[in-house]
Amino acid sequence: MTEVVAIDHLTKRFGKFQALKNITFTIHPGEVFGFIGPNGAGKSTTIRILLGNLKATSGQATIFGQSVWTDAVAIHKRIAYVPGDVDLWPNLTGGEIIDLLLKLSGQKHTARTDELIKKFDLDVAKKARTYSKGNRQKVALVAAFSTDAELYIFDEPTSGLDPLMEEVFQQEVLALKAAGKSILLSSHILSEVERMCDRIGIIRQGESIEVGSLASMRKLSRSTIHVQTKQPLTAIATLAAVHQFKAESNTKAEFTVDSEAVGSVMDQLSSLEIVQLQSTPPTLEDLFLRYYNKEGEADATQHV
Amino acid sequence: MPHSTFKRTGTLLKLELRHDWLKIVLWLTGLVGLMAAAAAKFGGIYGTQKEMATIATTLKTPAMVSLLGPFTAKPPYTTALIYGSEMMVFMGLFTVMMNIHLAIHATRSQEESGLTELMLARSVGRQAPLLAAMLELVIVNGLGGVLEALGLQAAQMPGATAAGNWLFGLGLAAFGLMFGSFSLLFAQLASTSRGALMLSYGFLGLVFIARMGTDVQNPDLTWWTIFGWIEKMELYTNNTWWPVLLMLAGALLGGACAVALAARRDLGAGLIAPKPGRKRASAFLRGPLSLLARVNRTSTIVWLLGLVLLGASYGSIFGTVGDLVKTNPVLGKLLGGAAVAAANRAVVLAMANKLAVIFVVVATIPAVMMILSLNRDEQKGLLTLMQAKPIGRLRLALTSAGYGLVVGSAAFIAAIWGMAAAGQQSMTITITLARFMRSFVGYWPALLVVCGLAMLLAGLLPKWQSAIWIVPVYGVVSLYMGPLIGLPKWALKLSPYGWVNKVPVAAVNWGTFGWMTALGVVLLAVGLWAYRRRDLLMN
C-alpha cells in the first residue's frame with residue numbers, strides 16, 4: 001500500500017535563507033500524524049510545499065504517490081486543508097464562502113454541513129469582514145470537515161478557538177480517524193497532539209529531528225520517579241541511568257531514569273525496601289522541551 | 001476633545017514619511033519634471049505671435065476647452081499665458097491623483113493591514129494617525145508647490161512673472177491638499193481601502209465631468225464644480241490668489257469633517273454599517289470566475305456606468321464641436337452646405353480619435369487592477385484556501401487576467417457607446433455607431449498589450465508590478481501633451497497607445513491590429529507561464 005504522504009530529504013531555500021534543511025517523514029493511510037516544532041521551524045513551509053504553493057529546492061514530496069508540484073490539481077481533489085491564518089473575502093458571508101469552498105472541491109452543501117455549522121456555533125449570515133479570527137477559522141473548519149476527502153491537512157487550526165470549540169474540533173478529528181481518513185495535524189497544543197495522533201514528527205530549524213509513535217519516543221526519553229524507601233538511597237544517585245537526582249531526605253528522592261534502564265533501577269530500589277513509589281512517563285511537552293533545550297545547550301556550548 | 005487624542009502625531013508622521021519617501025519622491029519628480037520640462041519646451045515652440053494665435057484658436061475649440069479648461073486670455077499672447085491654460089487642469093488632475101493615493105494609503109490601507117491597531121495600542125492618540133496623514137499631505141503638497149514654482153522660475157518662459165509662477169505652484173499645492181483632505185473624509189465613510197479609493201475617484205470623476213460641461217456651456221457655472229477653482233486663478237494675467245484661499249478653506253473643511261467622523265466610528269469599520277447577507281451561496285457562485293465577478297460586482301458596475309457617463313459627457317458637446325459655422329461664419333459661407341457637413345464630420349471624428357485615447361487608458365485601469373490583484377490578494381492570504389482546491393494556478397491567473405480584460409473591454413465599449421449615443425443626440429450630422437466603434441477595434445489591441453505587460457510583471461517581478469502604471473500615464477501624457485510640447489515622433493511610440501493609427505477617422509489597420517494582438521497574447525502567455533512556475537507570495 002502506498003503512503004499517503006511521503007517526504008524525503010526535502011529542502012527549501014528563500015534566497016540566502018535556508019528554511020528547510022532536511023525534512024523526512026511519511027504518513028500511513030488511516031493515520032493521524034502530529035507535526036510539531038517551535039515557531040519558525042518550517043512547519044508551514046513544509047505544508048505549503050505539500051500544497052504545491054512553494055516549489056521545493058531539492059528532495060521529494062508526494063501525496064498519494066503523486067508529485068506535489070506537478071500534480072497539485074489532481075491531489076487537491078482528494079484533500080481538505082485548513083490554514084492557521086484564515087483570510088476570507090470580506091464582502092462575502094461565511095455561508096457563501098463555505099458553499100463556494102465545497103463547490104470548488106466538486107462537493108455540495110449537505111445536512112452534515114448544517115450540522116457542523118450548528119456544532120461550531122457559526123453565524124453564517126454575517127459578512128466575513130466582521131468575523132473574528134476564531135470565526136474565520138470556523139468557516140474553514142466547517143468547509144473542511146464537510147468535505148469528503150482522503151487526507152485532511154490542518155495547520156494550527158485551533159489557534160483562535162475557545163476551549164469549547166477546541167473540544168468540538170477534537171471530536172471531529174477523532175470521527176475522521178474512526179472513518180479511516182488520514183490526517184496531518186500541525187499544532188502547538190501538545191495535549192491535542194498527544195490525545196489524537198498515532199505518530200508524531202518533531203522538526204526544529206528546518207530539520208526533522210524525531211519521527212515515531214509517542215510510545216517509541218517515550219522509550220528514548222526518561223521517566224520521572226518519586227520514591228521513598230526504608231534504607232538510604234545514596235547508592236541510587238551514582239547509577240549511570242539516573243539523572244537529576246534530588247534528595248529530599250536520606251530515604252526520599254525524586255529523579256529521572258532512562259526509559260530502557262527502568263527495570264534494573266526498579267530492582268535496585270526494591271532491594272532498599274520501597275515504602276512509596278510513583279513513576280510518571282514523560283509527556284509530549286517534556287519530550288518537546290527536551291529536544292528544544294538540547295538545541296539551547298548546544299548553542300550555549302558553542303558560544304563558550 | 002482631550003489633547004491626548006493627537007498624542008505622538010509627530011512620531012507617526014516621521015514613520016509615514018520614512019515609509020512613503022520613495023513614492024513621494026517618484027510622484028514629485030514626475031510632477032515637477034513634467035511642469036519644468038514643458039515650460040522649458042514651450043518657449044521654443046510658441047515663440048511668435050502667429051504661432052500663439054494659431055494655438056489659441058485651437059485651445060478655444062470646445063474639444064480642447066472640455067479637456068484643458070477655457071482659454072480666456074486676450075491678445076497679445078505670451079508663452080506663459082498659453083502654458084498656463086494648457087497645463088493647469090492637467091497638472092491639477094495629476095496632483096489630485098497623487099493626493100488620493102497618499103491619503104488612502106496613510107489611513108485606510110494601514111488600518112486594513114492592522115498596523116493602525118498595533119500603533120494605537122501604544123501610547124498614541126486615537127486621532128494621531130489621521131492627523132499625521134494630514135500633515136504628510138501638507139508637507140508633500142507644500143514641497144511640490146515650492147519645487148514647481150522654482151522650476152517655473154528656472155524655465156524663464158517669456159511672459160512669466162514671479163507672481164504667476166508662485167501662484168501656479170502654490171495653487172496646485174492647495175488644490176491637491178483640498179482633494180487629499182476629501183479623500184481622508186472618504187476614508188472614514190468607506191469600510192475598505194478599495195471602497196475609499198473608489199469614492200475618491202468617483203468624486204473626482206464627477207467634478208471633472210461637471211467642470212467639462214460647465215466650461216463648454218457656461219464658464220461662470222464652473223465655480224460650482226470645485227474642480228474648476230483651479231481655472232479661476234487667471235495665471236499670468238490677473239494672478240488671482242483668492243481661489244487658493246478657497247481651496248485651503250475646502251481642505252480645512254474636509255479635514256475637520258474627517259476628524260469629526262473618525263471620532264464617531266470604530267477602528268476598521270466605516271460609517272456605513274454592513275447588513276447581514278445570504279446564508280447560502282447562490283447557484284451562480286461556483287468557481288474562480290464567478291467568485292471574482294461577485295467580489296468585484298460593485299466596482300465593475302461603477303466602472304461601466306462611469307465610462308458611459310464619461311463618454312456621454314464628451315458626446316454631448318459634439319453638437320457644438322461639429323458646428324464650424326457657429327465658430328467661423330465666414331467659413332460656412334465659403335464652403336457651402338455639403339462641404340460644411342463634411343468638415344463638421346471631420347472635426348467630430350478627429351475629436352473622437354483623441355477621446356478614444358482617453359477612453360482606452362481609463363478602461364485600462366480596471367483591467368490592470370484585476371491582474372495586479374492576483375498577487376495582492378495572494379499576499380493578503382485571500383487565496384490560501386482557494387489554492388488548496390483542485391484549481392490549477394494557471395486557471396486562477398487566467399481567470400484574473402481574463403476577467404480584467406473583459407471588464408476593460410466592456411468599459412471601453414461603454415465609453416464609446418455613451419459618446420456615440422449622446423453625440424448622435426446633439427449633432428445635426430449623422431455618424432453611425434459602427435463608425436465610432438472603429439476606435440474600439442483599433443485601440444483594443446493596445447489594451448491587450450498593456451494587460452499582457454501587467455501579467456508579465458505580475459508573473460516575473462511581482463514586487464515591481466505597480467510599475468505598470470507608468471505605461472497608461474505616459475500614454476495619455478505623451479499623446480495629449482506630446483504634439484503640444486513638440487515631443488519627437490519616437491517618443492509618442494513608446495507606449496502601445498501610440499502604435500495605433502487615427503481611428504475612427506481612418507479605417508482600422510488590420511495589419512497593426514494583428515501583430516499587436518499577437519504581441520499581447522504572447523506577453524500574457526509568458527506572464528502566465530512565469531506565474532505558474534514560481535513560488536506563491538506568502539506573507
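Proteins come first, then strands; the chains are lettered A, B, ... in the order of their sequence lines, and each starts at number 1.
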> Relative to chain B, which of A:Thr147, A:Thr93, A:Ile153 shows the most heavy atom pairs under 4.5 Å?
A:Thr93
> Please classify the contact between B:Ser290 and chain A as side chain, backbone, both or neither, with a heavy-atom cut-off of under 4.5 Å.
neither
> In residues 35-43 of chain A, which residues are in contact with chain B at a heavy-atom separation under 4.5 Å?
none
> Can you name the salt bridge (charged side-chain N to carboxylate O under 4.0 Å, His left out) partners of A:Lys177, sequence neighbours left out?
A:Asp198
> Flag the pair B:Lys380 / A:Asp87 as yes when at least one side-chain heavy-atom distance between them is below 4.5 Å, and no otherwise.
no
> Are more than 12 heavy atoms from other residues, nucleotides or ligands located less than 6.0 Å from atom CZ of B:Arg294?
yes
> Quick check for you: among B:Met386, B:Arg280, B:Arg393, which has the greatest number of heavy-atom pairs under 4.5 Å with chain A?
B:Arg280
> Does atom CZ of A:Arg112 have more than 12 heavy-atom neighbours from other groups under 6.0 Å away?
yes
> Are there over 12 heavy-atom neighbours, none belonging to A:Gln66, within less than 6.0 Å of that residue's CD?
yes
> Quick check: under 4.5 Å, non-hydrogen atoms only, which of residues 96-104 of chain A neighbour chain B?
A:Glu96, A:Asp99, A:Leu100, A:Leu101, A:Lys103, A:Leu104
> Below 4.5 Å from any heavy atom of chain A, which atoms of B:Leu291 appear? Answer side chain, backbone, both or neither.
side chain
> With only heavy atoms counted, which part of B:Arg534 is less than 4.5 Å from chain A, the side chain, the backbone, both or neither?
backbone
> When rounded to the nearest 0.5 angstrom, what is the spacing between CG in B:Asp535 and OG1 in A:Thr57?
8.0 Å
> Give a yes or no on whether B:His19 atom NE2 has more than 12 heavy-atom contacts from other residues, nucleotides or ligands under 6.0 Å away.
no
> How about residues 70-82 of chain A versus chain B: which residues have heavy atoms under 4.5 Å apart?
A:Val73, A:His76, A:Lys77, A:Ile79, A:Tyr81
> Just how far is it from atom NZ of A:Lys126 to atom NZ of B:Lys279, taken to the nearest 0.5 Å?
12.0 Å
> Please say whether more than 12 non-hydrogen atoms of neighbouring residues, nucleotides or ligands are located less than 6.0 Å from NZ in A:Lys119.
yes
> In Å, rounded to the nearest 0.5 Å, how long is the span from CG of B:Leu285 to CH2 of A:Trp89?
9.0 Å
> Please indicate whether B:Leu22 has more than 12 foreign heavy atoms, meaning atoms of other residues, nucleotides or ligands, lying under 6.0 Å from its CG.
yes
> Starting at OG1 of B:Thr384, measure out to CG of A:Leu51 and round the result to the nearest 0.5 Å.
9.5 Å
> Of the listed residues (B:Arg297, B:Arg533, B:Arg395), which shares the most heavy-atom pairs with chain A below a 4.5 Å separation?
B:Arg533
